[in-house]
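First listed ligand is number 1; within each ligand, the first listed atom is number 1.
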Amino acid sequence: MTRKRVGVLVSGRGSNLQALLDACAAPDFPAEIVLVVSNIPGVQGLTRAYKAGVPTATVNHRDYPSREAFEAALDATLRAAGVDIVCLAGFMRVLTAGFVEAWAGRLINVHPSLLPAFKGLHTHERALAAGVRFHGCSVHFVKADVDAGPVIVQGVVPVRPDDSAEALATRVLAVEHKIYPHALRLVAEGRARALDDRVELAHVPSRDGVLINPPLE
Ligand code: GRF
């Protein structure tokens, strides 16, 4: 098995990066993280990579005159490391169509909502305000629009009657850490492929069962 070479882009805490590092530590995992890049110097994500023995780079967007120049540097850094797949993990820069198209089908992101609901920021607050009974997270192929793109894997979290945004965020984050390595595995093995606006899955079991919240009595 040739493992796919993964570059992870971070801007902060890096807990999803940690989940990916942990998954890739298993010798039978189909991908390895060869580079972690941050656009912000000194963030916790870089420390996590260093501790895992993974090379790091900082490409500070403030050092570049334009978004395109920043992305050209990012692209060159990833290519120099021989990256096959790029994972965004709390990467807080919007990417232009040029970058996204250059990495089409090989660029994935984790977002804390059940897309296409609640794109953008403050997803947990907005889910509570909307009164939905289920919330969750998605891993998706990236398209040029923010938080748009075909969904690979989703994880669902029931909303509790007494929930706070913080409590909900904590429960959703724990699910992000499960679904991101799962989605990366599917992409690395070629079992999840972007096909226009949806993802074609091959050789995955189908999921049955119904979730009802509040539960039937
Ligand atoms: C996560 O909630 C992720 O879904 C969102 O940004 C957050 C990053 O957290 N895109 P971390 O840096 O992975 O801990």
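- Judged as a side chain to side chain donor-acceptor pair (under 3.5 Å), and not counting sequence neighbours, Arg3 has no contacts.
- Legend: residues meeting side chain to side chain donor-acceptor pair (under 3.5 Å) with Lys4, ordered by chain and number and at least two apart, are absent.
- Checked by atom type and distance alone, the side chain of Arg5 never pairs as donor or acceptor with a backbone atom of Val34 at under 3.5 Å.
- Looking at Glu71 and Arg67, no side-chain N of the basic residue comes within less than 4.0 Å of a carboxylate O on the acidic one, giving no salt bridge.
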Is there a salt bridge (Lys or Arg N to Asp or Glu O under 4.0 Å) between Asp145 and Lys119 once you walk through the steps? CA-CA 10 Å; Asp145 300 331; Lys119 296 174 179 175; over 6 Å; no
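- A heavy-atom cutoff of 4.0 Å around ligand 1 is satisfied by the protein residues Arg13, Gly14, Ser15, Asn16, Gly90, Val110, His111, Pro112, Glu176.
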Between side-chain atoms of residues 106-115 and protein atoms elsewhere (two or more places apart, or another chain), which donor-acceptor pairs fall under 3.5 Å?
unit_1: Arg106; atom_1: NH1; unit_2: Asp84; atom_2: O; d: 3.1
unit_1: Asn109; atom_1: ND2; unit_2: His140; atom_2: NE2; d: 3.2
unit_1: His111; atom_1: ND1; unit_2: Asp147; atom_2: OD1; d: 3.3
unit_1: His111; atom_1: ND1; unit_2: Asp147; atom_2: OD2; d: 3.4
unit_1: His111; atom_1: NE2; unit_2: Ser113; atom_2: OG; d: 3.3
unit_1: His111; atom_1: NE2; unit_2: Phe118; atom_2: O; d: 2.8
unit_1: Ser113; atom_1: OG; unit_2: Ala117; atom_2: O; d: 2.6
unit_1: Ser113; atom_1: OG; unit_2: Phe118; atom_2: O; d: 3.1

